Amino acid sequence: MTTTPSSAPVIAVRGLVKRFGIKTVLKGMDFQAEEGEFVALLGPNGAGKTTFLRILASLSRPSAGDVRVKGHRLPQQATAVRRRLGFVSHQPLLYGDLSGEENLRFYARLYSLPDANERIAAVLKMVGMYRHRRDLVRTYSRGMQQRLAIARALLPDPDVLLLDEPYTGLDQDAAAMLDEILARVSTQKRTVVLTSHDLSKAALLASRFDVLARGKIAASAGRGEISDAELLDFYRGALASAEAER
Amino acid sequence: MKESTGFGRAVLAILWKDLAAELRGKELLSAMLVFALLVILAFNFALDLDPKTRASVTSGVLWVSFIFAGTLGLNRSMATEQDRGCLDGLLLAPVDRSAIYFGKMLANLVFMLIVEAVVLPIYSALYNVNLFRPGLLLMVVLGSVGYVAVGTLLAAMAAQARTRDMLLPLLLFPVIIPVLIAAVKGSAAFLAGSAWADVSSWVNLLLAYDVLFLAVPLMVFDFVVEE
């Protein structure tokens, strides 16, 4: 995958701190991603990966630090950020009593999308769900719900796509289908951040690997710097050095 | 202008979504209706009253059924947003977040008015009281608006908690007391055929409460739903 550096990074984070009561989850984290980059944010459970993505998605307010997406500062310019951003979590964010198409139509109205019908048909075809568009979401399998969740996130054609553990609960076939869809999505000029603790998925898709540990980026490497075989050692080394600094 | 168009469109989209989902599932309305009808039936059997006393308790029985059924509806309405993480989907939309409040509030109001439209004729038949008086209907609408306005805000607040089913009534009932008193007293006065001068203070109190609690969410809803 090619990375297209531009003058200003698409995502720029400096000194990000997030506290929940007395617990500090992110401790002065720095991060940046360029246009077209696919960053895999790796880390153990509880490292703060989801918290970080929720801050980028303007679902959570930073306690301190500077967070910018496409030059818009969070949380002050959250509405402008939301217009440029798609978010997929391990929950599908879809209504079970509506059909797949009705769910997308609802989100198209919220985003005031022009040519909504064409866009809905395009994203449904992209994720292979066009045939099932009239079925109620509660009748979908977990894999189908996740594919529709990606269609929902892609509906406004976002510049930034955030994927929070999208493989959670998927069987092998559904995970393989998701691999194909994400590979297709990432070939476009779109910045993608994927959180995962599954290194094989990260190795398959990402152009850069960042390890989040103890509330900070402990290590970062581009695809050209390490091979897939070295990824596990890179990850373990980053966690060990973060633990040693404690 | 463009911002206000987006706001109105988002409000209507959420209203449409709630009505369409309810039309399919029928979970919320059926639960509210069964509960409200059980309450008036229980009172009908429990209170073996003469016509004069019956007229004096009508207002109280009606509002007990509306309020309890309404609380059930508010809880379920926010539970559907928590299910499958849908609230996050709404919060990700590039619209003013108070549009989410107004969409949910309007949907809750429609559900409550539907329940009331079913309960009133059944109550009239069971208790042999004519409830179709313009003054009483005005109190029902104003009381429902006030109840749903504050209820939707507090339901969104309680939705973040694990014990939301228990938390909502605890938060709601102290705040809703002015609406409850004004609605019960005003309804009773209209049923007793009191003059407008005797009822107007209750109507004014309800109007003021409605305006206040429709304005407050414009300022605070963003903070209510954020992490």
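Predicted model only: the values in this text are computed from it and were never measured. Numbered from 1 within each chain, the chains take letters A, B, ... in sequence-line order.
Annotation: side chain of A/Thr79 is not in contact with side chain of B/Val95 (no heavy-atom distance under 4.5 Å). Side-chain contact between A/Leu93 and B/Leu92 is present, with heavy atoms from C-beta onward closer than 4.5 Å. At least one side-chain heavy atom of B/Glu81 sits less than 4.5 Å from a side-chain heavy atom of A/Tyr95. Using a 4.5 Å heavy-atom cutoff, the side chains of B/Phe223 and A/Arg61 are in contact. Under the 4.5 Å side-chain criterion, counting only non-hydrogen atoms from C-beta, A/Phe106 is in contact with B/Leu90.
Contacts of A/Glu102 with chain B are made by both backbone and side-chain atoms, with heavy-atom separations under 4.5 Å. If you measure heavy-atom distances from B/Leu12 to chain A, you find no contacts under 4.5 Å at all. In this structure, chain B has a heavy atom under 4.5 Å from the side chain of A/Leu136, while its backbone stays farther away. For chain B, no part of A/Arg84 is nearby; none of its heavy atoms comes within less than 4.5 Å.
Although no hydrogens or angles enter the test, the distance criterion places a donor-acceptor pair under 3.5 Å between the side chain of B/Arg24 and the main chain of A/Asp97.
A/Ser89 contributes atom OG, which lies 12.5 Å from atom CZ of B/Arg84 (distance to the nearest 0.5 angstrom). Summarising the geometry, atom CG belonging to A/Leu98 is positioned 8.5 Å from atom SG belonging to B/Cys86; distances are rounded to the nearest 0.5 Å.
Closest approach of B/Gln82 and A/Gln91 over heavy atoms only: O-OE1, 4.4 Å. Contact detail for B/Gly6 and A/Ser112: the closest heavy-atom pair is CA-OG, 4.1 Å.
Sparse packing is recorded around CD of A/Gln172, with 12 or fewer heavy atoms of other residues, nucleotides or ligands lying under 6.0 Å away. No more than 12 heavy-atom neighbours from other residues, nucleotides or ligands sit within 6.0 angstrom of CZ on A/Arg14.
Counting heavy-atom pairs closer than 4.5 Å to chain A, the top residue among B/Gly85, B/Ala99, B/Gly103 is B/Gly85. Contacts with chain B were tallied for A/Arg109, A/Arg105, A/Gln145; A/Arg109 has the most, counting heavy-atom pairs under 4.5 Å. Counting heavy-atom pairs under 4.5 Å between each of A/Ile55, A/Leu94, A/Val81 and chain B puts A/Leu94 at the top.
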Report task. Carefully, step by step, assess A/Arg54 and B/Asp88 under the rule side chain to side chain contact (heavy atoms under 4.5 Å, CB included). Result -> CA-CA 10 Å; A/Arg54 289 181 70 80; B/Asp88 279 351; 2.8 Å; yes
